[in-house]
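Order of appearance sets the numbers: ligands from 1, and atoms from 1 within every ligand.
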Amino acid sequence: MTIELHHAGMSVCSEKVRILLAERGQDFVGHMLDLRAGDQQKPEYLKLNPNAVVPTLVHDGTVVIESNIILEYLAEVLPGPSLVTSSPLGRTRMRLWTKQLDETIHQLTSVISFGIGFRYQLLAKPREEALAVLGKIPDPFRRERQIDIYENGVASSHFAPAIRRFDKMLADMERDLGRERWLAGPEYSLADIAYTPYVNRLDQLQLAHMWDKRPKVAQWFDTVRARPSFAKAYDGFMAKPVLDVMREKGEAAKAQVRDILAA
Ligand SMILES: N[C@@H](CCC(=O)N[C@@H](CS)C(=O)NCC(=O)O)C(=O)O
């Protein structure tokens, strides 16, 4: 079996697929895209993924897109321990968690990551070049929002609601982790895999204070980070200069984030 993954180092959606592949001990052929250079918009990639986003999985020549769908697909086709909650009700909880990522949280990660950190990669380029990449985002709503965040950073009107939504996500996690060991029940599942990169992204952006008073989230994050799959999914894929920008700019945005949370 050949598993190919078109992905990017620092892309939460790619990270969750790499975690699953590591959990199942599955090697893959990686094709890395440079998202700031617009590799995802090249015609040959659009044939695989018309949404111009990563990741894209190619399994023995068959294309699967959408990270949460890729997780479910791989959990079915790869041998190894089940990563799907065993009870029917547990599975509904697992899917309620991943559904929220698709409905809102993922989009808001772009707002926060871009608003605090990634925009500096584009600000370092000539403006026309940056706008050319952003102007080719196929979804008009997402395109206009990303341009606004590129222009305004944490001052964008999209920023504060995104922080508040993440605060609610962490509150919901704290609630469910207070009832069961993992997000969807007693078993480690696709829900835990899917949320790891989002909490890790907050951590990369110096927003770990958002779970200072959420001990269950803190413990869950320590536990998922200690799994061997975390190191396999992250080590060697992170760009140190980008992590440095996220740390430095995250530190600078901290007071503003605290103000938003306190309001
Ligand atoms: N719903 C998609 C979202 C994928 C997505 O937004 N990927 C981001 C990286 S995490 C991307 O490729 N962004 C490129 C761009 O915005 O141009 C999924 O879950 O696969």
Quiz prompt | Protein residue, atom and distance nearest to atom 1 (N) of ligand 1, heavy-atom basis | solution = Glu66 OE1, 2.7 Å
Practice problem: Could you tell me the residue and atom name of the protein heavy atom closest to atom 6 (O) of ligand 1, and the distance to it rounded to 0.1 Å? | Solution: His106 NE2, 2.8 Å
Practice problem: Answer with side chain, backbone, both or neither: which part of Gln146 has a heavy atom less than 4.0 angstrom from an atom of ligand 1? | Solution: neither
Practice problem: Check whether any side-chain heavy atom of Glu4 lies under 4.5 Å from a side-chain heavy atom of Phe28, and answer yes or no. | Solution: no
Practice problem: Please could you name the atoms of ligand 1 that Gln40 approaches to less than 4.0 Å, counting only its heavy atoms? | Solution: 14 (C), 15 (C), 17 (O)
Practice problem: Return the residue, atom name and 0.1 Å-rounded distance of the protein heavy atom closest to atom 19 (O) of ligand 1. | Solution: Ser67 OG, 2.6 Å
Quiz prompt | Geometric cation-pi criterion Arg225 and Tyr234, 6.0 Å radius, 45° cone | solution = no
Quiz prompt | Nitrogen or oxygen atoms of Gln41 and ligand 1 under 3.5 Å apart | solution = no
Practice problem: Under 4.0 Å from a heavy atom of Pro55: give me the atoms of ligand 1 that qualify, with their elements. | Solution: 20 (O)
Quiz item: Nearest protein heavy-atom contact for atom 10 (S) of ligand 1: which residue, which atom, what distance?
Solution: Ser11 OG, 3.3 Å
Quiz prompt | Distance from atom 13 (N) of ligand 1 to nearest protein heavy atom, with residue and atom | solution = Arg142 NH2, 3.7 Å
Self-check item: Close side-chain approach of Leu71 to Thr98, heavy-atom, < 4.5 Å
Solution: no
Practice problem: Would you please say whether a donor-acceptor pair under 3.5 Å links the side chains of Thr85 and Glu187? | Solution: no
Exercise. Could you tell me whether Asp102 and Arg95 have a side-chain N and a carboxylate O separated by less than 4.0 Å?
Key: no
Quiz item: Looking only at protein heavy atoms, which one is nearest to atom 8 (C) of ligand 1, and how far off is it?
Solution: Val54 O, 3.9 Å
Exercise. Flag yes if more than 12 heavy atoms outside Glu76 fall under 6.0 Å of its CD atom; otherwise flag no.
Key: no
Self-check item: From CA spacing to verdict: ring pair (Phe, Tyr, Trp, His ring centres under 6.0 Å), Tyr45, His31
Solution: CA-CA 11 Å; Tyr45 184 71; His31 305 284; 9.8 Å; no
